[in-house]
2 protein chains.
Amino acid sequence: MARTRSFDRDAVLAAAGNAFRQHGYRDASIAELERATGLVSGSIYNAFGDKAGLFRAALEHYVHGFVRQRVAAFAGADAGLEELEQLYLSVLEPPLSDGYGCLVNNSIIEFGTAPGIASDGIAETLTLVREGIASVLAREIGSVGAEREVMQLVLLYHGVLTLSRSGTSLEAMRGAVSATFERLHASRAQHNKKQ
Amino acid sequence: MARTRSFDRDAVLAAAGNAFRQHGYRDASIAELERATGLVSGSIYNAFGDKAGLFRAALEHYVHGFVRQRVAAFAGADAGLEELEQLYLSVLEPPLSDGYGCLVNNSIIEFGTAPGIASDGIAETLTLVREGIASVLAREIGSVGAEREVMQLVLLYHGVLTLSRSGTSLEAMRGAVSATFERLHASRAQHNKKQ
DNA sequence: TACATTTTAGAATGCAAGTTCTAAAATCTA
DNA sequence: TAGATTTTAGAACTTGCATTCTAAAATGTA
């Protein structure tokens, strides 16, 4: 009945999300987004309404695709401490180790708590990550230890993501992650002994 | 020989820094900065050159005044684990607990690693904080333990600052800080026993 | 007190960037 | 194949904002 779209929505949202991750929402110009996505402004506005609409779609794509997948793999129903450690270490490997951080973590700083175009994606991600970590810990070191450790691990997660934009040595951060998980391994051994 | 300035430079830089901390560099308009500082744009440009100059001055004021003071008080030459814990807990109290985070931590996300108007303040702060933490730990739990814990604590610090902009419960973060320091207290006891 | 100099004040300017608009191209359906 | 409809293309427009500019006000010095 009419002309069909010439672009792949997923690819466009991935490219746009990457541009937003690098430059932030405000500093990613439409010209930059045209370059990143390969679309011209007319197509962007036709497909997503405006810049905010493109951002919302890109963030949702990032959370439902990227974040959810990573949490499922590294903090899912059958993940243990070893997998959970990979959640952290994988942040320090491509594609996240390029020095631009994480779209969600960056958006927390750019948009804050104010209800807006990033609130949903941020809230959803915070819940996904916290609950994922909590479930692994509850399984591995018991509910008492989990209660104590969950927020520490959540804070470590966002600390790593923030400093990954600062030029801080990836190796130093890997060391900190390893040290944290060595402690959790000890916690697990202790917990298993009791039973 | 000429008209004198009618404003207090420190007060203006504190107000400007606060505006930048809330809105970020890009989103703090000159109009907003006029409101925050009480200066009119003519005075801002006369005194600081441009918006970037005002930001540089405000960031330097923030680092040399606020950050340096806090590190000296909570991670200085005669600080122990108790004081260091206050470095974290005080972030969760006024004036930093207003939900706008820390100017330096926010700038890490907004400006990244690219050399620019925030690089100096960021680098200086990262060094101050890391070395302050390292010196307390070396004293309190010994060099081996310190080596292991420093980066974990640095990451916890930035995790707290980042999530303090996310609406995450301050109480939950306090709990995580307490749990971390309980572990360090145990480390100190262990370390003191050996000697 | 008068002059020189700097700050304050706010209007005017110029530009960057988001958005809208017009026309051409493509594709589906009848 | 023709018509209807949607997408692509990019020029034109608008607005918001950083910056500049002009003039008045204030203050130190001679």
Side-chain angles (χ1 to χ4, degrees), chain A residues 1-59 61 103 106-107 110-111 114 116-118, chain B residues 1-61 103 106-107 110-112 114 116-118:
Chain A
M1 194 164 150
R3 180 170 179 176
T4 54
R5 287 198 177 152
S6 67
F7 63 87
D8 174 28
R9 182 183 157 95
D10 280 351
V12 161
L13 291 181
N18 215 40
F20 284 128
R21 187 173 66 86
Q22 289 182 44
H23 303 106
Y25 173 71
R26 189 66 195 289
D27 281 349
S29 67
I30 294 292
E32 177 71 39
L33 293 165
E34 287 182 297
R35 225 173 303 141
T37 60
L39 300 187
V40 303
S41 69
S43 297
I44 293 178
Y45 280 85
N46 177 62
F48 302 103
D50 56 12
K51 186 179 165 183
L54 175 59
F55 180 84
R56 264 190 297 269
L59 181 60
H61 180 266
L103 180 57
N106 297 351
S107 296
E110 183 164 8
F111 297 101
I117 60 180
Chain B
M1 195 160 143
R3 180 170 180 175
T4 54
R5 286 196 177 153
S6 66
F7 63 86
D8 174 27
R9 183 182 157 95
D10 280 351
V12 161
L13 292 181
N18 215 42
F20 284 127
R21 186 172 66 87
Q22 289 182 43
H23 304 104
Y25 173 72
R26 191 72 187 317
D27 281 348
S29 66
I30 294 292
E32 177 70 40
L33 292 165
E34 288 183 296
R35 228 173 301 142
T37 61
L39 299 188
V40 69
S41 71
S43 297
I44 293 178
Y45 280 84
N46 178 62
F48 301 103
D50 56 13
K51 185 179 166 183
L54 175 59
F55 180 84
R56 264 190 297 268
L59 181 61
E60 185 177 335
H61 180 266
L103 179 57
N106 296 351
S107 296
E110 182 164 9
F111 297 102
I117 61 180

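Per chain, numbering begins at 1; letters A, B, ... match sequence-line order.
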Please round to the nearest 0.5 Å and tell me the distance separating atom [atom1] of [X] and atom [atom2] of [Y].
| X | Y | atom1 | atom2 | value |
| --- | --- | --- | --- | --- |
| A:Glu110 | B:Glu110 | CD | CD | 7.5 Å |
| A:Leu59 | A:Leu13 | CG | CG | 10.5 Å |
| A:Phe55 | A:Leu33 | CZ | CG | 10.5 Å |
| A:Asp50 | A:Ser41 | CG | OG | 12.5 Å |

Quick one: [X] [atom1] to [N] [atom2], roughly how many Å, whole number?
| X | N | atom1 | atom2 | result |
| --- | --- | --- | --- | --- |
| B:Arg26 | D:dA18 | CZ | P | 8 Å |
| A:Asn46 | C:dC21 | CG | C1' | 13 Å |
| A:Tyr45 | C:dC21 | OH | P | 13 Å |
| B:Asp50 | C:dG14 | CG | P | 19 Å |

For DNA chain C, find the residues of residues 33-43 of chain B with a heavy-atom distance under 4.0 Å and give them by number; none if there aren't any.
B:Val40, B:Ser41, B:Gly42, B:Ser43
Would one find a side-chain N or O of B:Arg3 under 4.0 angstrom from OP1 or OP2 of C:dT5?
no
Phosphate-side-chain proximity, B:Ser6 and C:dT7, N/O vs OP1/OP2 below 4.0 Å
no
Compare the minimum distances between each of C:dG18, C:dT8, C:dT6 and the side chain of B:Phe7, then state the nucleotide with the smallest one.
C:dT8
Kindly indicate whether the side chain of A:Phe20, heavy atoms from C-beta on, has any atom under 4.5 Å from the side chain of A:Lys51.
yes
Taking for each residue the nucleotide of DNA chain D with the nearest heavy atom, is it B:Thr4 or B:Ile30 whose nucleotide lies nearer the 5' end?
B:Ile30
Compute the ring centroids of B:Tyr25 and B:Phe111, then answer whether they are less than 6.0 Å apart.
yes
Contact class for B:Ala52 (heavy atom, under 4.0 Å): base, sugar-phosphate, or nothing?
nothing
